[in-house]
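First comes the structure, then the notes that go with it.
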Amino acid sequence: MSEPIDKFDHKEIDAKWQKRWREAELFKVTEDATGPKSYVLDMFPYPSGAGISVGHCRNYIPSDCYARFMRMRGNNVLHPMGWDAFGQPAETEAIKRGSHPRETVPKYVANYKRQLNLVGISFDWSREFNSSEPDYYKWTQWIFLLLYKRGLAYRSMAPANWCPQEKTVLANEEVQGGLCWRCGSRVEKRDLPQWFLKITDYAERLLHDLDGLEWSEGLKMMQRNWIGRSEGVEFEMKVDGTEHSFRVFTTRIDTVFGMTFCVFAPEHPLVVRITTDERRAEVEVYAKRAQALSEIDRMATEREKSGVFTGAYAINPANGARVPIWVADYVLMGYGTGAIMAVPGHDERDFEFAKKYGLEIRRVIADNSSLADVPLEKAEPAYGVMVNAGEYSGVACDEGQRRLGEWFEAQRTGERKVNYRLRDWLISRQRYWGCPIPMIHCPSCGMVPVPDTDLPVLLPDVDNYQPTGTGESPLAAIPEFINVNCPSCGGAARRETDTMAGSACSSWYFLRYADPKNDQAAFDPAKAAYWLPVDCYVGGTEHAVGHLLYARFWTKVLQDAGYITFGEPFLKLMNQGSVLGLTPFRKPRENETLSVGQEGILVRPEDVPSIPQDQVFWRWERMSKSKGNVVTPDEMVEDFGADSLRIYELFVAPFEMNIQWSSEGMQGANRFLNRVWRAVLGAKFDREWRSKLEQPFDGKAKSLRQKTHSSLAKVYEDISGFRFNTAVAAMMEWLNELQDFQSSGGSSAAESEAIECFVRALSPMAPHLADEMWERLGFSGFLLGDRLIDPDPAVAKADTVTIAVQVNGKLRSTLEVPAETVGPELERLALADQKVVQHTDGLTVRKVIVVPGRLVNIVAS
RNA sequence: GCCCAGGUGGUGAAAUGGUAGACACGAGGGACUUAAAAUCCCUUGAGGCGACUCGUGCGGGUUCGAGUCCCGCCCUGGGCACCA
């Protein structure tokens, strides 16, 4: 060792070990290895031109630390990575740049992979795949057909955002303030035939199975609310003087006697048929205006209620009352039946509506029967006793609900029903860069699925995939693609031209890693049975109700079809916090209006100097390419090395917490690793330390051994629980003690033990440096292929403890006592303590609380 | 408006109901150096010469003891589909 050891050469060490790991195929795993399997999975990224940021690293570094740790604890760990490469952003970007996703995607993928290797992530690249490759999307299509054959895919008309200028369908993201974000024209709604997947058939199971998952309660709650199960009664109402009837759903059938009007969603098909001639013009205008509003606008609470009377009346089946039918945009066609019974006395929105339009408000619920005629100042949705309810008056609400449910069922005009707010999953996109939907429209046979043997339906490799102007996918303009013979009758037919949303590709990718090269099936059931379900899934909360729900749905369908034996794909889910970057904004100009929640106009950092200083302000926002606030790991790795970045990201904050990016702490992480380097390599290391541990240790060596073993226990526990920040802190404390030991001239087997244990424990966090030090200590091989050392609880146990001594709850003194000191002895010592004597002088000791190993609290007055 | 997280030094943060601020960053002082970098040592919640006092968003409560538990507020961040 001729070179100086005051600092490690991170560039040399990173490159050296990354090369060796690659050459040794260190990260490759197989099913036949020993030890229990563990599947540690990161949500696969969408590769964009900006590359991965230090924000992505906050996902991949901790999960890599965990995966490496699990492997070093004897598990057979699957830790794969792939690319979510289909999707609208890639297509939009390519159109803008005049390139093609087929060319840009592989470039971006190569860059992502380079960056991930740069920070030393232990992915098994032999299992890598890309969702936009036919080898993969063949099986996405196969699963779509499986859903179709099981009656879970159907086609239905649904509105899409339509830009009349560009003559194209827009994603919600492309609509801002009702305007197209590119050309600024007013976005319209246009009905198109679209494909849906029947996730609602699985609502109950998706809800129920959440209970068994090791996910955060907050996230489970989000899914529960999204599924939105409610129990109630759906019943039929007749439109007075016509043959028409409609159905309404309510969770509060006990309030049915308080119904003073009904409300239809503006899109309700009955609206045009029941509206009277004198009301027609007004209703039509209203419906048209409502249609132009986005759903979010219609939902906005602050908005004042609005509506129009149709001129028609309905009959309340419970009491025969004749109630007016209104149309209002606060009722949505997509939820329930698209029509409601309005009970203004006991529903806040109905109350507000009734107040505005002077409709009757009746009390039908009260705390007790004597309050039946107390006027209502506001809606009272509480439960109590039914009043003004005919023969039900005086009946408790919950009993009334049951009896009314039975009554409707006996009358055959309604039934008790469970309702969900979850809607079917709209999976079609009128886009080029997606997985083609494998269906054929035949004039004589109708809808015909592409036979499995004809899969994949290849996405045609064309240069021009601009919008068609008809609302159809660009694929509709490619004759070679659309013209096909019907697989059933052989006649001329037409291919489906919609592609699938990106979320289809990501709804089963976790299965493919088990068997990524299989060209006979999506996966070998035996391999899937070995690796799955995912033991630990790591990703952000932004997927709480999209991806995470869809993936659970597909898993259950595959289970029902017998391909897998489990119904939940992700047993444990960990959500990392975001990394926020400082992002420049400017104040709006006079002609610009901000939408709700927006505080300024985003500007690119390079434009800041050209904007008047007082117009610019900075905010912390999630790092993303579109915000121009991305910091890449490349520069951090260049300056400080992969391991410094890893330590910093592990240490900076709790895993699940958002952080504001600052590279100041990088110095500290780098300094820590340099101290490790000197403490480990500057010592006289004795490989045979194990055989020399029997010698009597002096106090210093003994306490170093205690620190070594207690730190191992703490670090292992913390990594297991994803508490990486305190795991790193424990390593730092351990190192401080080792350095103190060394600077006081100590040298013994205890020091060598500490060094070997430390280097091994550091390996999941800082693998490059750990392997380098391992080699320099005279060992060979890779630490990842080796085991961590088990802490010895007997050694980890401290001999003495510090006992806090309080008087009336205030700390007055501390006692340094042997760990096994019993309560009565602690009490005696505390009462004899000089500080205690001072503070209890003139007082009577009333009570002494002793917590052995912790504290003594003397209550005196 | 509803739902979910949070609120602790100059900063990131730590703390099974039991010594608030571990571990770091930054700052100040010192050693080494011609000097700087690096490294090492000391100080660093506020007030007070001190004994001590005060201090975890605010107000109550439970407890021998509350950052932690309960009730009522305020503020910040995230999510949302007015869900009948």
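Every chain is numbered from 1 and lettered A, B, ... according to where its sequence line falls, protein lines coming before strand lines.
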Within 6.0 Å of CD in A:Glu816, more than 12 heavy atoms from elsewhere
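Count over threshold, so yes.
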Surrounding NZ of A:Lys198 (heavy atoms of other residues, nucleotides or ligands, distance under 6.0 Å), is the total greater than 12?
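No, the 6.0 Å shell around NZ holds no more than 12 heavy atoms from other groups.
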Is any side-chain N or O of A:Arg349 under 3.5 Å from a base N or O of B:A84, one able to act as donor and the other as acceptor?
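In this structure, the two groups form a donor-acceptor pair.
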Base, sugar-phosphate, or nothing: which does [X] touch, judged by heavy atoms less than 4.0 Å apart?
| X | value |
| --- | --- |
| A:Arg671 | sugar-phosphate |
| A:His346 | nothing |
| A:Gly668 | sugar-phosphate |
| A:Arg224 | nothing |
| A:Asn736 | sugar-phosphate |
| A:Ser216 | nothing |

Closer than 3.5 angstrom, by distance alone: can the side chain of A:Arg646 be matched with the main-chain N or O of A:Pro764 as a donor-acceptor pair?
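The answer is yes, because a donor-acceptor pair under 3.5 Å joins these two groups.
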Do A:Phe722 and A:Phe724 have ring centroids that are under 6.0 Å from one another?
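A:Phe724 vs A:Phe722: aromatic centres under 6.0 Å.
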For nucleotides 4-12 of chain B, which of its nitrogen or oxygen atoms have a protein nitrogen or oxygen under 3.5 Å away, and what is each distance?
from: B:G12; atom 1: O2'; to: A:Val652; atom 2: O; distance (Å): 2.5

What pairs of donor and acceptor atoms, side-chain ones from residues 249-258 of chain A against any protein atom, are under 3.5 angstrom apart with sequence neighbours left out?
from: A:Thr250; atom 1: OG1; to: A:Arg252; atom 2: N; distance (Å): 2.8
from: A:Arg252; atom 1: NE; to: A:Asp254; atom 2: OD1; distance (Å): 3.1
from: A:Arg252; atom 1: NE; to: A:Asp254; atom 2: OD2; distance (Å): 3.3
from: A:Arg252; atom 1: NH1; to: A:Pro381; atom 2: O; distance (Å): 2.7
from: A:Arg252; atom 1: NH2; to: A:Asp254; atom 2: OD2; distance (Å): 2.9
from: A:Asp254; atom 1: OD1; to: A:Gln401; atom 2: NE2; distance (Å): 2.8
from: A:Thr255; atom 1: OG1; to: A:Arg252; atom 2: O; distance (Å): 2.7

Convert the base pairs of RNA chain B into dot-bracket notation, remembering that pairs crossing earlier ones are written with [ ] and that bases paired across to another strand are shown as |; include only Watson-Crick or G-U pairs under 3.5 Å.
(((((((..(((.....[....)))((((((.......))))))(((....)))..(((((..]....))))))))))))....
Min side-chain heavy-atom separation A:Val233-A:Leu404 under 4.5 Å
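No; the side chains remain at least 4.5 Å from each other.
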Who are the salt bridge (charged side-chain N to carboxylate O under 4.0 Å, His left out) partners of A:Glu348, not counting sequence neighbours?
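Result, salt bridge (charged side-chain N to carboxylate O under 4.0 Å, His left out) vs A:Glu348: none returned.
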With sequence neighbours excluded, tell me which residues meet salt bridge (charged side-chain N to carboxylate O under 4.0 Å, His left out) with A:Asp347.
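Once residues adjacent in sequence are excluded, the partners of A:Asp347 under the salt bridge (charged side-chain N to carboxylate O under 4.0 Å, His left out) criterion are A:Arg349.
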Whether A:His268 and A:Phe264 hold their rings parallel, tilted or perpendicular, with breakpoints at 30° and 60°
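Aromatic pair A:His268/A:Phe264 classed tilted.
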Go through the steps to decide whether A:Thr260 and A:Arg362 satisfy the test side chain to side chain donor-acceptor pair (under 3.5 Å), and finish with yes or no.
CA-CA 8 Å; A:Thr260 55; A:Arg362 288 183 65 187; over 6 Å; no
Contacts under 3.5 Å, N or O only, protein and nucleotides 62-66 of chain B:
from: B:C64; atom 1: O2'; to: A:Asn857; atom 2: ND2; distance (Å): 3.3
from: B:C64; atom 1: O2; to: A:Asn857; atom 2: ND2; distance (Å): 2.7

Spacing between A:Gln742 atom CD and B:C41 atom P, to the nearest angstrom:
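It works out to 12 Å between those atoms.
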Got a salt bridge between A:Glu204 and A:Arg229, using NZ or NE/NH1/NH2 to carboxylate O under 4.0 Å?
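Yes, this pair counts.
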